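These notes concern the structure reproduced below.
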Amino acid sequence: MTTTRTDGGTETAQPAAGDVIPLRQAVRTWFLISLQTFGGPAGQIAVMQRHLVDERRWIGQKRFLHALNYCMLLPGPEAQQLAIYVGWLLNGVRGGLIAGTLFVLPGLVALLALSGLYVAYGDTTAVTAIFTGLAPAIVAVVAQAVWRVGSRSLHNAALVGFAVAAFAALALFGVPFPVVIAAAALAGWGLHRLRPQLVATGGGGHGKGKDGPAPLIPDDALHHDRPSARRALTILTVGLGAWALPIAIVAATTGTGSVFTQQGLFFSGAAVVTFGGAYAVLSYVAQQAVERYAWLSAGDMVRGLALAESTPGPLIMVVQFVAFLGAYHHPGSLNPWTAGIIASLLTTWVTFVPCFLFILLGAPYVERLRANHSLSAALTGITAAVVGVIANLGLYFAFHTLFTDTRTITSGPLSLLLPDPTSLRPAAAVIAAAAAVMIFWAKWSVLRVLGLCTLLGICAGLLSLI
């Protein structure tokens, strides 16, 4: 099989049976894509759109969006899941495994190195100055996420109500994040039964593909890997086994009460409730990691998010930083550095293995899921609630970044976190305001904003303003 690209070159290698393109060519392309996955899911999806749809024409626009819509139904990082899905379309199961792994590999290596540097030098004046600039920028970045998700998903008063209710449940009453997500899904389904037009979803899209030759995978083609009970059982058995095995090993070797077992179980649970992207679940992760397990401080959490924003790969990779610090601070009988590395790799494993399981198990059934209006309505309810969830995360980060001290007011079921106005950090407030101007008015990219805010933080440090 010889394939022709839009740049005039030809691929002369012969693909193996079931491969749409030669596996070696696919690996090179996925590695190239993995090095460009900055800017959150929108930027990551745009990179795949350019490489796979516009330039190489390996997959058509309609098919690409069809795969994306399915990935958005699932918990987890939709961009990485989209890579797994397209990899599966191009080269079967091994293609999906390769694409999904390469998608997170650069971020894994980069954030592991940065986690080590943080625990080694995080208290130095230079590093403190850097985070004085980065942390306030994250407040503006999260505010942008609230605006973007809200403008896309809150189309009527009912959905605005979902967002407000989710925010109030988290910020005022401390309702657990999974309960909020489950209630939103149930409410979306119920609203569909009563007023289906309020939760109807449009086609949406991420831009149209360029005109060009017909894609290698036609938009209406069905994959050769057909659904069957035997296939589903095999993938389910292997996937669940791979997911659970590392947790069982650390529980047997370090004890059920060790930090490794706690993190393996906690982040496994978080992986199945990450509807709405990383910003949504980070509110839950921050609350549990800081307040319940004391793996790190609220300030550490904000700085970890800043590091994750500046590295390639899914933003949910910040859980790797959380795990590293948690195990470093509670290493048990191990060396702190060894404990941090083990926890970091374990958490990454239990966070992303479910993504492979969801895609490889469900991909052959995508056509049936796309026609399920009740499922789409439940997703609409979740997406609307996610706006409130992200807003709560932004408030949490803002309080702990812009103020030195906070306090919690409790009265009956009410539990409200408030900052001490006298503990305002002037430098952080000024940088946060500058970041908001760069993002909302100047429309700068996240990386550019983070870079300039880092320089502002260094200047503040040199002037002894922190």
Side-chain angles (χ1 to χ4, degrees), residues 40-42 68-78 81 139 141-206 269-288 315-316 369-399 413-417:
L68 177 59
N69 288 339
Y70 170 59
C71 295
M72 293 182 68
L73 288 171
L74 302 171
E78 64 267 26
Q81 291 171 336
V139 175
V141 170
V142 175
Q144 181 192 41
V146 174
W147 175 260
R148 282 183 171 177
V149 178
S151 62
R152 290 198 306 262
S153 57
L154 304 182
H155 305 304
N156 53 60
L159 297 180
V160 172
F162 278 36
V164 173
F167 176 83
L170 291 166
L172 302 181
F173 300 101
V175 178
F177 173 75
V179 174
V180 173
I181 293 298
L186 183 62
W189 175 83
L191 191 60
H192 169 71
R193 303 284 293 180
L194 297 175
R195 301 282 298 277
Q197 69 276 12
L198 293 180
V199 288
T201 56
H206 289 261
V272 298
V273 294
T274 51
F275 293 95
Y279 284 120
V281 78
L282 283 180
S283 176
Y284 171 58
V285 170
Q287 179 191 43
Q288 296 294 309
L315 183 58
I316 194 62
L369 285 175
R370 184 170 58 171
N372 191 319
H373 298 297
S374 295
L375 187 60
S376 297
L379 178 67
T380 300
I382 292 173
T383 304
V386 158
V387 179
V389 174
I390 300 175
N392 178 65
L393 174 70
L395 194 66
Y396 178 90
F397 282 170
F399 285 172
L414 181 68
S415 179
L416 180 61
L417 178 70

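As the structure is a computational prediction, the values presented were derived from the model and not from experiment.
If you take OG1 on Thr380 and CH2 on Trp189, they are separated by 15.0 Å, rounding to the nearest 0.5 Å. From Ile181, atom CD1 reaches atom CG of Leu186 across 13.0 Å, with rounding to the nearest 0.5 Å.
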Which pairs would a plain distance check flag for residues 156-163, meaning a side-chain donor or acceptor within less than 3.5 Å of a matching protein atom at least two apart in sequence or in another chain?
unit_1	atom_1	unit_2	atom_2	d
Asn156	OD1	Ala158	N	3.1
Asn156	OD1	Leu159	N	3.0
Asn156	ND2	Leu198	O	3.0

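Closest approach of Ala184 and Ala385 over heavy atoms only: CB-CB, 3.5 Å. For the residue pair Cys71 and Gln81, the shortest heavy atom distance occurs at O-OE1, 3.3 Å. Nearest heavy-atom pair, Phe399 versus Leu417, reported as atom, atom and distance to 0.1 Å: CE1-O, 3.2 Å. Gly388 and Phe167 make their closest contact through O-CD1, 3.6 Å (heavy atoms, listed as atom of the first residue, atom of the second, distance).
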